[in-house]
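Here you go, one structure.
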Amino acid sequence: MARKISLHCDASALTLAVARVYILGIWIVRLLIDDTSSISFLDFQLFHQFGVMKLLPVSTFKLLLSSSGLLALKTLALGFLLLGLVGAGRKIAVISVTTILLVLYLGLLKGFGGHVNHRELILLYMTIALIFLPCYDALALSPDPERSNRQQQVYCAAMITICLILLFHYAAIGAARVFVGAPEVFNPEIMRGWILSRNLRPNPYEFELGTRLFDAPFVLALALPLSTLLELLAPLVIWSGSLVRAVILCSVALFHGTILLLMNIPFFENVLLLLLCTNYTPLLIRLIKRSHAR
Amino acid sequence: MLLEFVFRFSLECVFLCGLVFAIFRWGGLSELFHSFDRTSRRRLLTFLAICFFAQCVDRLQYNFPPRFDLFPFARFAMYQYATVRDPVTVYRLEGVYPDGSREHLNMTKEFSAIGVPAVSSRFRVINEQAESADQTEREWAYKQTALFVHSLARKRAASGQQMPAAAELLSLSKSIQSPADAPPERKVLIRVPGRDN
């Protein structure tokens, strides 16, 4: 007997369309505030082609990593993101091209780092999922002609897919810590070392609150086990009642805020994406009714 | 050691498989996914399977340059493993002006688009190799540092900002037991020209 899904069980075409606008909107803001032009000053010899970027010839990157190349790529990506946001063109083509441009964009930036960090990857995976989901059925200039044939359950499934991408990865992080690092990783001295190194190493935020925790050893001892438990419990958001869901989501948001303040590591995108794991359809209906009443 | 890692990784994969099975079988997602048409369902499941595959196999992502990576897919396993290290060591890049004054050349601010963890992991490797016994590794570290400093000089020249005469790559060490306000121990690893290098 399958357990009843309580998240987004009332989802409609509008719910999914709002998720599309929200996901692509986050990308637009992210691209607009990124200081991409500074990347063009970095010497090409520092660039490393990660993963699928190896499929492209080196000459492509020499061209793209010039100031005009980066500007062109960013403008093109913003253009396609805007098309997707307003639901113009053929969904599969627009979102696919957007995804390719975003992968290229991230690949160029991360190519100057030592590894591909995860900050934007959940957002990217959600964008990829939009290619396969009926996200052009509402709030779209070119709505999908097949939208009238779709059952309501399709939108519930689509929203759960989007949420699952985020929630599964939290559980996977928790599982990695339990199976790879336990029990040693939960030694408070390790947390102490991590906080110290994240406060000491160069970062743009320069919060030094983390080291203040050194006077509260019980906090150091509990921080990682509690975070791991929270990560492992994250998928419960799909089946839990509204109170438990709110507690888990608020705790995860608080956990990201704490990581920023104590360790100078931002996960702004993830915090914003947590909102997609709330049942916001009734709110949308209320907003529509109110606008009709006016 | 290797056997223990293989055993732990295998256990983790078994757990993740069980989690996915439970979510789909008992969590009702299997039925829900049947509301998608066959093509969409297949494509979605393939995509989710790739994410899952990356989570299981992308184990060398923090080595630079990586021998194997699956970008844009990656394993999510932040702060998964560590041993107690005392003191903690980090990198720092400082500019030195002719009058002896110093400036912190914060590459995470100067090239913020790359991202803090990515910049930090590159410099961690540079610092490690700067102290290596292997001459080739030390030369690689020197070249990487010089290229970053040269890039910064180009950026500053374009905006008319001042660039120090020299730049030093430092290793900062601090004991995890020391008071919060105690200064870290500094060690110069590499010195490169700042301007016109």
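Here the structure is a predicted model, which means the values were calculated and not measured. So you know, we letter chains A, B, ... as the sequences are listed, proteins then strands, and number each from 1. Any value given below was found using the heavy atoms of this structure, including those in side chains, with hydrogens, waters and symmetry copies removed.
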- prompt: Has Gln177(B) got more than 12 heavy atoms of other residues, nucleotides or ligands less than 6.0 Å from its CD?
  reply: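 Yes, because the 6.0 Å sphere around CD of Gln177(B) holds more than 12 heavy atoms from other groups.
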
- prompt: Among Arg198(A), Arg212(A), Lys54(A), Arg119(A), which residue forms the greatest number of heavy-atom pairs with chain B at distances under 4.5 Å?
  reply: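 The candidate making the most pairs under 4.5 Å is Arg198(A).
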
message: Is Glu4(B) in contact with chain A via its backbone, its side chain, both, or neither, using a 4.5 Å heavy-atom distance?
response: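 Neither the backbone nor the side chain of Glu4(B) comes within 4.5 Å of chain A.
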
field: Heavy atoms from other residues, nucleotides or ligands near CZ of Phe7(B) exceed 12 (cutoff 6.0 Å)
entry: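 No, the 6.0 Å shell around CZ holds no more than 12 heavy atoms from other groups.
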
message: Determine whether a donor-acceptor pair (N or O, by modelled atom type, separation under 3.5 Å) exists between the side chain of Lys110(A) and the backbone of Ile114(B).
response: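 Side chain of Lys110(A) to backbone of Ile114(B), a donor-acceptor pair under 3.5 Å: yes, one is there.
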
Part of Leu48(B) lying under 4.5 Å from any heavy atom of chain A: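 Leu48(B) touches chain A through side-chain heavy atoms alone.
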
task: Apply side chain to side chain contact (heavy atoms under 4.5 Å, CB included) to the pair Phe123(B) and Arg201(A), showing each step before the final yes or no.
output: CA-CA 10 Å; Phe123(B) 273 96; Arg201(A) 79 179 184 188; over 6 Å; no

message: Please classify the contact of Pro184(B) with chain A as side chain, backbone, both or neither, using a heavy-atom distance under 4.5 Å.
response: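 Just the side chain, heavy atoms under 4.5 Å.
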
query: Checking heavy atoms, do the side chain of Thr89(B), its backbone, both or neither come under 4.5 Å from chain A?
result: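 Neither part, no heavy atoms under 4.5 Å.
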
field: Proximal component of Arg124(B), with respect to chain A [non-hydrogen, under 4.5 Å]
entry: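 It is neither, since no heavy atom gets under 4.5 Å.
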
- request: Below 4.5 Å from any heavy atom of chain A, which atoms of Phe76(B) appear? Answer side chain, backbone, both or neither.
  value: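 Both the backbone and the side chain of Phe76(B) come within 4.5 Å of chain A.
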
Pairwise distance CG(Leu32(B)) to CD1(Ile160(A)) - rounded to 0.5 angstrom: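 Interatomic distance, Leu32(B) CG to Ile160(A) CD1, rounded to 0.5 Å: 6.5 Å.
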
field: Aromatic ring proximity Phe73(B)/Tyr125(A), centre distance under 6.0 Å
entry: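 Yes.
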
- prompt: In Å, rounded to the nearest 0.5 Å, how long is the span from CD of Glu189(A) to CZ of Arg85(B)?
  reply: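 Between atom CD of Glu189(A) and atom CZ of Arg85(B) there are 15.0 Å.
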
query: What part of Arg43(B) lies closer than 4.5 angstrom to a heavy atom of chain A: side chain, backbone, both or neither?
result: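 Contact with chain A involves both backbone and side-chain atoms of Arg43(B).
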
task: Could you check which of Ile190(A), Thr211(A), Val185(A), Asp34(A) has the highest count of heavy-atom pairs closer than 4.5 Å to chain B?
output: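 Result: the option with the highest number of such pairs is Ile190(A).
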
- prompt: Between His118(A) and Gln61(B), is a side chain to side chain donor-acceptor pair (under 3.5 Å) present by the stated rule, with each step listed?
  reply: CA-CA 11 Å; His118(A) 308 85; Gln61(B) 58 180 293; 3.2 Å; yes

field: Arg42(B) versus chain A, the contacting section by heavy-atom distance below 4.5 Å
entry: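 It is neither, since no heavy atom gets under 4.5 Å.
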
message: Counting heavy-atom pairs closer than 4.5 Å to chain B, which one of Ala171(A), Ala175(A), Ala172(A) comes out on top?
response: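 The option with the most such pairs is Ala172(A).
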
query: Should Asp43(A) and Lys143(B) count as an ion pair when the cut-off is N to O under 4.0 Å?
result: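 Salt bridge absent between Asp43(A) and Lys143(B).
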
query: With a 6.0 Å cut-off on ring centres, are Phe112(A) and Phe111(B) close enough?
result: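 Ring-ring flag for Phe112(A)/Phe111(B): false, centres at least 6.0 Å apart.
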
message: Using heavy-atom distances under 4.5 Å, tell me whether His104(B) contacts chain A through its side chain, its backbone, both, or neither.
response: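 The side chain, not the backbone.
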
message: Among Ile195(A), Val178(A), Asp215(A), Leu196(A), which residue has the highest count of heavy-atom pairs closer than 4.5 Å to chain B?
response: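 Among the listed options, the one with the most contacts to chain B is Leu196(A).
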
- request: Check whether Val84(B) gets within reach of chain A through its side chain, its backbone, both or neither, counting any heavy atom under 4.5 Å.
  value: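 The answer is both parts of Val84(B).
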
- request: Give a yes or no on whether the backbone of Gly51(A) and the side-chain of Asp69(B) come within a donor-acceptor separation of less than 3.5 Å.
  value: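 Yes; judged by distance alone, with no hydrogens or angles, the pair exists.
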
- prompt: Checking Ile131(A) against chain B: side chain, backbone, both or neither under 4.5 Å from a heavy atom?
  reply: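 It is neither, since no heavy atom gets under 4.5 Å.
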
